[in-house]
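What follows is one structure encoded as C-alpha cells, with my remarks underneath.
Please read all numbers here as calculations on a predicted model, not as lab measurements.
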Amino acid sequence: MNYVSSRLNVINDGILKAIRKSSHHCDICKKSFAKKGNLNTHKRIHTGEKPYDCNICGKSFSEKSNLSKHRHIHTGEKPYHCEVCDKSFSQRGHLTTHRHTHTGEKPYHCNICGKSFSVGSNLTKHQRIHTGEKPYHCDICGKSFSATSNLNVHRHIHTGEKPYHCDICGKSFSAASNLTTHKYIHTGEKPHQCDICDKSFSATSNLTMHRRIHTGGKPYRCDMCDISFSHGSTLTVHHSYIHKGKKPYFCEICGKSFFARSKLTIHRHIHTGEKPYQCDICGISFSQRSHLTTHKHIHTGDKPYHCDICGKSFSQTSHLIIHKRIHTGEKPYHCDICGNSFSQNSDVTKHKRIHIGEKPYHCDICGIPFSHNRYLTKHKHLHLTEKSFPVNSKLTDHKHIRRGERQYHCDICGKPFSVTSHLITHKRIHTGEKPYQCNICGRSFSHAGNLKRHKYTHTA
C-alpha cells in the first residue's frame with residue numbers, strides 16, 4: 001500500500017506541474033488559459049487586432065474559425081442539416097438553436113422575470129433589459145447598444161452597406177434577419193403562429209406585437225405625457241413628432257418630410273407608382289402591406305378586432321381604436337389655434353379650415369368652393385333636382401345656398417352662413433350648449449345627427 005500511495009503522489013505531482021506549466025495568464029484582465037494559442041486569441045479582444053481577412057469583401061476577423069463561418073455568406077454553403085425538417089445552416093450553432101423549435105426546449109431562464117430562452121446568448125441580451133446595460137458603442141456617433149448584432153446593423157447607417165442580397169428580386173439589406181423576413185414575401189411562408197387565434201406571421205416580432213391585441217399589453221410609456229403604446233417604435237415616433245416636432249426623413253423628389261422612415265418609404269410609392277403587394281384572390285395591387293391585409297377582409301368577411309365594451313367588430317385595428325373613443329370620451333388631437341379637441345386627426349385637419357378659410361373642394365358646375373367634401377356632395381344635389389318648399393323661408397334659404405350667399409354672421413367669430421339654422425348650430429361651439437340628450441346613458445350632444453349616430457352604440 002505504501003508503494004501504491006507513493007506512486008500516486010508522484011503521478012499527482014506530475015499532473016499539477018504540467019497544469020502549472022501550461023497555464024497562461026492574460027496580463028490585462030488576468031484571465032487564465034491552458035494553451036498559449038487561446039491566450040493569444042483572447043488578447044485580440046483588448047488590442048482589437050483582426051489578422052484574418054476575407055479575400056472576397058475584405059472584412060476582418062480576430063479568429064480563423066469566424067472567417068471560415070463568414071465565407072459561407074459568399075459561397076452560400078450550408079453544411080449543417082436538420083434531421084427533422086431538412087433545413088440547412090451555415091453554422092453548427094445555428095443548427096443547435098434551430099432544433100429547439102422542434103423540441104420546444106428553453107433551458108435558459110431569467111432569474112429576474114422567469115422568462116425562458118432556447119439560446120443562452122438570447123438570455124444574456126434579455127437580461128440587459130432589466131439592467132439597462134448597453135456595452136457596445138458606435139465609434140462614429142457614440143450611440144450605445146445592448147447587443148453586438150444591433151451595433152453591426154447600426155454601423156451600416158454610416159457606411160450605407162447592404163451586404164445581404166435577395167437571390168429572387170435582387171433587393172439588398174443591411175441585416176441578415178431582414179433578408180430572411182423579406183424572402184417570406186416570395187415564398188408566402190408564415191412560420192410563426194399565434195397560440196390564441198392561430199393567425200400566422202412571417203416574423204417573430206410581428207407575432208409578439210400581434211399578441212398584444214389579445215393581452216392589451218402596452219409596455220412602452222411616454223415619460224412626458226404618460227400615454228402608453230404597444231410598440232416601442234410607436235413610442236419613438238410619438239416622442240419625436242408630438243413633443244419635439246421632428247420630421248427628419250425627407251423625400252428627395254418633392255421635399256416632403258416625415259417623422260418615420262417607414263412613412264417616407266410608403267410615400268415614395270406615390271412618385272414611383274410601385275404597388276408591390278398583390279391580392280392573390282382578385283389581383284388588385286397595393287403600395288402598402290397593411291392595405292392588402294385590410295382589403296383581404298372584403299373577401300373573407302373577417303372582422304377580427306372586437307370592442308371589449310360593446311362587442312362591435314371591426315376589420316381594422318385603427319377603426320376599433322377610433323370606435324373605443326366613443327366609450328372613453330378620449331380626444332387626443334388638439335387644434336393649436338383654438339385648443340378644441342377631437343377624437344380623430346382627420347377631424348382636426350377639417351376643423352382648421354374654419355380658422356384659415358381653406359376650401360379645397362370646388363363644384364365643377366357653378367364653381368362654389370367648400371371646406372368639406374361632404375358639403376360639396378350635398379351641394380351638387382341642388383343642381384340635379386328641382387325642389388319645392390312648403391314654407392317660403394325654406395325657399396329663401398335654398399336660394400341663398402344655390403347662389404353661395406352667406407348673409408348670416410356669427411357675432412363671436414364672424415363666420416358666415418347661408419342658413420340661420422346652421423348659424424344657430426354653429427354658435428353651440430362657443431356656448432358649449434348640448435341640447436340633445438341620450439335617453440339611455442344621459443350623454444349630451446350639440447347636434448341631433450350626433451345623437452342619432454351615438455344611439456347606434458347601444459343597439460350594436
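- Taking every heavy atom of both residues into account, H355 and C338 meet most closely at NE2-SG, 3.4 Å.
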Determine all donor-acceptor pairs shorter than 3.5 Å in which one atom belongs to a side chain in residues 51-58; sequence neighbours excluded.
from, atom 1, to, atom 2, distance (Å)
D53, OD1, S60, OG, 2.4

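- Remark: side-chain polar atoms of T457 are paired, donor with acceptor, to backbone N or O of H454 under 3.5 angstrom.
- Rounding to the nearest 0.5 angstrom, the gap separating the CG atom in N206 from the OG atom in S200 is 12.0 Å.
- Judged by distance alone, with hydrogens and angles left aside, the side-chain atoms of H81 form no donor-acceptor pair with the main-chain N or O of S88 at under 3.5 Å.
- A perpendicular orientation is assigned to the rings of H297 and Y305, their planes being inclined by more than 60° (bins at 30° and 60°).
- I227 has its side chain out of reach of R221: every pair of non-hydrogen atoms, C-beta onward, lies at least 4.5 Å apart.
- Closest approach of N178 to F173, counting heavy atoms only: CB-CD2, 3.9 Å.
- Between I185 and R289, the shortest heavy-atom contact is CD1-NH2, 3.5 Å.
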* Pair D280-K296, side-chain contact (heavy atoms from CB on, under 4.5 Å): steps then yes or no -> CA-CA 9 Å; D280 52 9; K296 282 187 173 178; 3.8 Å; yes

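- Proximity of a side-chain donor or acceptor of H25 to a complementary backbone N or O of S32 within less than 3.5 Å is not detected.
- In this structure, H192 contributes its side chain and F201 its backbone to no donor-acceptor pair below 3.5 Å.
- Note: Y220 and H231 fail the aromatic proximity criterion, with ring centroids not under 6.0 Å apart.
- Scanning all heavy atoms of the two residues, the minimum distance from Q193 to R211 falls at O-NH2, 4.1 Å.
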* **From CA spacing to verdict: ring pair (Phe, Tyr, Trp, His ring centres under 6.0 Å), H94, Y80** => CA-CA 9 Å; H94 293 172; Y80 305 101; 9.5 Å; no

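- Nearest heavy atoms, K43 versus D27: CE-OD1, 3.9 Å.
- Between the side chain of R212 and the backbone N or O of G217, no donor-acceptor pair lies under 3.5 Å.
- Of the possible polar contacts, none joining the T234 side chain to the S230 backbone as a donor-acceptor pair under 3.5 Å is found.
- The closest side-chain heavy-atom distance from H267 to F258 is below 4.5 Å.
- Ring-plane geometry between H98 and F89 is classed as tilted, the angle between the planes lying from 30 to 60 degrees on a 0 to 90 degree scale.
- E83 places a side-chain heavy atom less than 4.5 Å from the side chain of R99.
- Using modelled atom types, one finds a donor on one side chain and an acceptor on the other under 3.5 Å when comparing H334 with S341.
- Interatomic distance, Q127 CD to C110 SG, rounded to the nearest 0.5 Å: 5.0 Å.
- Checked against a 6.0 Å centroid threshold, the rings of Y277 and H291 do not count as neighbours.
- Between the OG1 atom in T47 and the NE2 atom in H42 there is a gap of 10.0 Å [rounded to 0.5 Å].
- With rounding to the nearest 0.5 Å, the separation of CD1 in I140 from NE2 in H154 is 7.0 Å.
- Residues F342 and K331 are not in side-chain contact: their nearest non-hydrogen atoms beyond the backbone lie 4.5 Å or more apart.
- The ring of H323 has its center closer than 6.0 angstrom to the ring center of F314.
- The shortest non-hydrogen separation linking Y184 to P191 is OH-CG, 3.7 Å.
- Ion pair K50/E63 not flagged as a salt bridge, since none of the NZ, NE, NH1 or NH2 atoms sits closer than 4.0 Å to an Asp/Glu carboxylate oxygen.
- Residues H182 and S202 form no side-chain contact, since every pair of their non-hydrogen atoms from C-beta on lies 4.5 Å or further apart.
- A salt bridge links D167 to K183: one of the charged nitrogens lies within less than 4.0 Å of a carboxylate oxygen.
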* To do: Take L39 and K35 through the side-chain contact (heavy atoms from CB on, under 4.5 Å) test and state the conclusion after the steps.
  => CA-CA 7 Å; L39 172 60; K35 295 180 180 179; over 6 Å; no

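- Under the 4.5 Å side-chain criterion, counting only non-hydrogen atoms from C-beta, C194 is in contact with L207.
- Q278 places a side-chain N or O within donor-acceptor distance of the main-chain N or O of G283, the cut-off being under 3.5 Å.
- A donor-acceptor distance shorter than 3.5 angstrom exists from the side chain of R353 to the backbone of S371, with no hydrogens or angles considered.
- Around the CZ atom of R92, the shell of radius 6.0 Å holds no more than 12 heavy atoms that belong to other residues, nucleotides or ligands.
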* Apply the test side-chain contact (heavy atoms from CB on, under 4.5 Å) to residues R374 and F370: give CA-CA distance (whole Å), side-chain angles for both, the deciding distance (0.1 Å), then the verdict. => CA-CA 9 Å; R374 68 175 185 272; F370 297 89; over 6 Å; no

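- Proximity of L292 to C279: side-chain heavy atoms (C-beta onward) are separated by under 4.5 Å at one or more points.
- Note that the SG atom of C138 and the CZ atom of R155 stand 6.0 Å from one another [nearest 0.5 Å].
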* Asked: Y249 and K263: side-chain contact (heavy atoms from CB on, under 4.5 Å), yes or no, with the steps?
  -> CA-CA 9 Å; Y249 304 101; K263 300 293 182 186; over 6 Å; no

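- The distance from atom CD1 of I326 to atom SG of C310, rounded to the nearest 0.5 Å, is 8.0 Å.
- The pair K324-E330 fails the salt-bridge criterion, with no side-chain N (NZ, NE, NH1 or NH2) lying under 4.0 Å from an Asp/Glu carboxylate O.
- By the 4.5 Å heavy-atom criterion applied to side chains, S90 and K69 are not counted as neighbours.
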